[in-house]
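As structure tokens, the structure follows; a few thoughts come after it.
Quick caveat, the model's predicted, so the values are computed rather than measured. Along the sequence shown, residues are numbered consecutively beginning with 1.
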Amino acid sequence: MRNYIYTSIIGVMFMIQGCSDWLNVKPSDRVSEENAFSTISGFKQALNGIYVELNQSDLYGRALTAEFVEILAQRYAINEEATANLLLSKYEYGGSDAKSRASAIWAKAYNLIANTNLLVKNCDVNRSVLPDDYYHIVKGEALALRAMLHFDLFRLFGPVYGKDSTVTSIPYYKEFVLDVKPSLLGNEFIQQVIDDLSEAEENLQEYDPVITFGPKGDRLDNFKSDRNLRLNYYAVQALLSRVYLYRGNNAKALEYAKKVIEVQEQWFPWVKPLDIVAGSENPDRMFSTEILFALQNLNRSSIFTALFDANNQKLNNLLPMRDDVVNSVFDDEKQDYRYMTHFASGTVDLSGVNYKVFNKYQGKDSLFAQMIPMLRVSEVFLIAAEAEESSTDGVKYFNQVRNSRGLEGIRSSWLSWMLEEEWRREFIGEGQLFFYYKRNMLTSVKSAYEQYGTTSLTLKNYVLPIPDGELKYN
């Protein structure tokens, strides 16, 4: 663990360039911890630097959104020439490429966790530096980031919780230490995630500008603006809902989902159809009004270019989706806004097979064209629908998502099997489907290669092996 994480005191400290865009940053020279947190500016730079680093391709800039975990979810019809991705799609984790990619995710995530720990510690050590509002906002976001990173590592490398909640999982770091922490049991680990998120919620509940001003935040203070680009108060509640559902505590998952749903219409309204139509000059393919938390990535269009643009790439480099499979995912409901918007470029013929061009990550020159979605309001509606599946309220929550996508509602008797279908449609390229499958312990999922085909997997396939270099420490 120490080989990966603790290579510098503050590995992601950044210098702010300009006042209007806190993401225009460049790495600074190594600085001492004491100096780094001696000013408000130092705290801002440290926190902003963590958000910037989340955009790395080993994390949410690629692997944990549009690529690695989506390959595991059988999203893409991998060409035989793309050997590494093909092996990954078959859950063969023993090869050098799979090991390297898994190790990179592990290393980068724990490195950022170490930096959140420095930030949390110094919020208290240097409490006199920060006014009350800054103290609670910075500490709350740092705690939430620590929880989110740990949770996603757990969803990848931890056990199948519904079956093995009491087996040893992975370490949870709540302080900056050079000593290696022991791995926790699965249920102990999840409790640590919940404890961090609960403390984050407590810190943010009186000070987060999102509560008063909505996602735009306080425009008089650049650090407090654009709250949907940070793990804000409502995003933390949504994350708690996600974690509780993963734990199998539907009552608590519903409780937190409802907290977000209460403010959805006011602060996170469903996207307007006119804003997303393909014919508009700059379509909002991310449905940005609905996003609770997104990363801002100034080079987001490179995801489209590298992974999905058939005009620039050969088949062995692409992550293609077959035309017939996409049609079956959407059950030929082509009036679905997601189908109309994310597959608006039509089809391309590659080696005699028709593939859809997936363009969710295409676009530039607007804030929503720089967003990588991390939490969206539709998820809390789907969580509420699942938690209330046995009552009439469940289908009401579900149908609000359906209606917001230009579709008619369904009857209550269809809800149980339609939930899975909606998770397939809603989060394409966002890295959530594999974790849905793992949570529900599915051993048969929709195939990427046949319109009505399935792919079999075992529960062992849901657990990535801990990197070799870590085994001697855990």
Side-chain angles (χ1 to χ4, degrees), residues 65-67 70 73 75-76 215 228 264 268-297 300-312 318-348 354-379 381-382 398-409 418 421-433 446 448:
T65 49
E67 186 218 31
E70 290 289 74
R75 287 287 198 189
Y76 311 120
N228 58 352
Q264 178 266 326
F268 305 98
W270 302 113
V271 70
K272 297 178 181 178
L274 289 178
D275 292 336
I276 63 175
V277 293
S280 64
E281 184 176 346
N282 194 17
D284 181 1
R285 296 187 176 95
M286 280 298 160
F287 300 5
S288 63
T289 60
E290 306 173 9
I291 289 181
L292 297 163
F293 168 46
L295 300 178
Q296 186 182 3
N297 188 321
R300 197 201 70 182
S301 61
S302 65
I303 297 175
F304 172 75
T305 303
L307 303 180
F308 306 115
D309 187 356
N311 294 320
N312 294 331
L318 284 174
L319 294 179
M321 286 182 257
R322 288 179 56 116
D323 177 60
D324 55 348
V325 171
V326 172
N327 288 336
S328 68
V329 166
F330 285 92
D331 197 27
D332 286 324
E333 291 182 303
K334 296 181 180 179
Q335 75 275 23
D336 191 315
Y337 297 158
R338 295 161 296 192
Y339 182 92
M340 295 168 57
T341 305
H342 302 147
F343 299 96
S345 298
T347 61
V348 58
N354 285 330
Y355 294 93
K356 286 288 187 188
V357 177
F358 177 58
N359 61 0
K360 180 183 282 189
Y361 286 95
Q362 190 177 16
K364 55 183 179 179
D365 300 330
S366 63
L367 179 57
F368 56 70
Q370 298 169 356
M371 285 180 163
I372 294 181
M374 302 287 283
L375 286 157
R376 56 173 69 247
V377 76
S378 55
E379 181 177 349
F381 278 88
L382 293 177
F398 185 82
N399 282 339
Q400 286 187 67
V401 178
R402 291 269 302 178
N403 297 158
S404 75
R405 302 299 179 242
L407 303 175
E408 294 182 356
M418 282 294 290
E421 298 301 312
E422 207 58 41
W423 275 84
R424 288 198 183 104
R425 299 182 187 196
E426 182 67 10
F427 306 105
I428 299 176
E430 297 184 17
Q432 296 303 320
L433 185 60
K446 191 171 185 63

Any residue meeting ring pair (Phe, Tyr, Trp, His ring centres under 6.0 Å) with Y76, in chain and number order, not counting sequence neighbours: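 Applying ring pair (Phe, Tyr, Trp, His ring centres under 6.0 Å) to Y76 gives F308.
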
Looking only at atom types and distance, does a side-chain atom of [X] sit under 3.5 Å from a main-chain N or O of [Y], one as donor and one as acceptor?
{"X": "R402", "Y": "L407", "result": "no"}
{"X": "E290", "Y": "V271", "result": "yes"}
{"X": "T305", "Y": "S302", "result": "no"}
{"X": "R285", "Y": "Q362", "result": "yes"}

Measure the [atom1]-[atom2] distance between [X] and [Y] for me, rounded to the nearest 0.5 Å.
{"X": "Q296", "Y": "F368", "atom1": "CD", "atom2": "CZ", "result": "13.0 Å"}
{"X": "R376", "Y": "S288", "atom1": "CZ", "atom2": "OG", "result": "9.0 Å"}
{"X": "R425", "Y": "S378", "atom1": "CZ", "atom2": "OG", "result": "13.5 Å"}
{"X": "E67", "Y": "I303", "atom1": "CD", "atom2": "CD1", "result": "10.0 Å"}
{"X": "W423", "Y": "I428", "atom1": "CH2", "atom2": "CD1", "result": "13.5 Å"}

Run the ring-centre check on F381 versus W270 and record whether the distance is less than 6.0 Å.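 They qualify: ring centres under 6.0 Å apart.
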
Are H342 and F330 near enough that their ring centres are under 6.0 Å apart?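 They do not qualify: ring centres at least 6.0 Å apart.
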
For R405 and E421: C-alpha separation, side-chain torsions, deciding distance, then whether salt bridge (Lys or Arg N to Asp or Glu O under 4.0 Å) applies. CA-CA 14 Å; R405 302 299 179 242; E421 298 301 312; over 6 Å; no

Let's go through T347 and N354 carefully: what are the C-alpha distance in whole Å and the side-chain angles of both, what is the deciding distance for side chain to side chain donor-acceptor pair (under 3.5 Å) to 0.1 Å, and is it a yes or a no? CA-CA 6 Å; T347 61; N354 285 330; 4.6 Å; no

So N297 and Q370, side chain to side chain contact (heavy atoms under 4.5 Å, CB included) or not? Walk me through it. CA-CA 5 Å; N297 188 321; Q370 298 169 356; 5.6 Å; no

Do [X] and [Y] make a side-chain contact, defined as non-hydrogen atoms from C-beta onward lying under 4.5 Å apart?
{"X": "L292", "Y": "F268", "result": "yes"}
{"X": "F287", "Y": "R338", "result": "yes"}
{"X": "M374", "Y": "Q432", "result": "no"}
{"X": "K356", "Y": "N327", "result": "yes"}

Passes side chain to side chain contact (heavy atoms under 4.5 Å, CB included), R424 versus K446? Steps please. CA-CA 9 Å; R424 288 198 183 104; K446 191 171 185 63; 3.5 Å; yes

Apply side chain to side chain donor-acceptor pair (under 3.5 Å) to the pair S366 and N282, showing each step before the final yes or no. CA-CA 8 Å; S366 63; N282 194 17; 3.3 Å; yes

Under 30°, 30 to 60°, or over 60°: which ring-plane class applies to Y361 and F358, parallel, tilted or perpendicular?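 Plane angle over 60°, so perpendicular.
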
T65-E430 side chain donor-acceptor pair, cut-off 3.5 Å: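 E430 and T65 do not have a side-chain donor-acceptor pair below 3.5 Å.
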
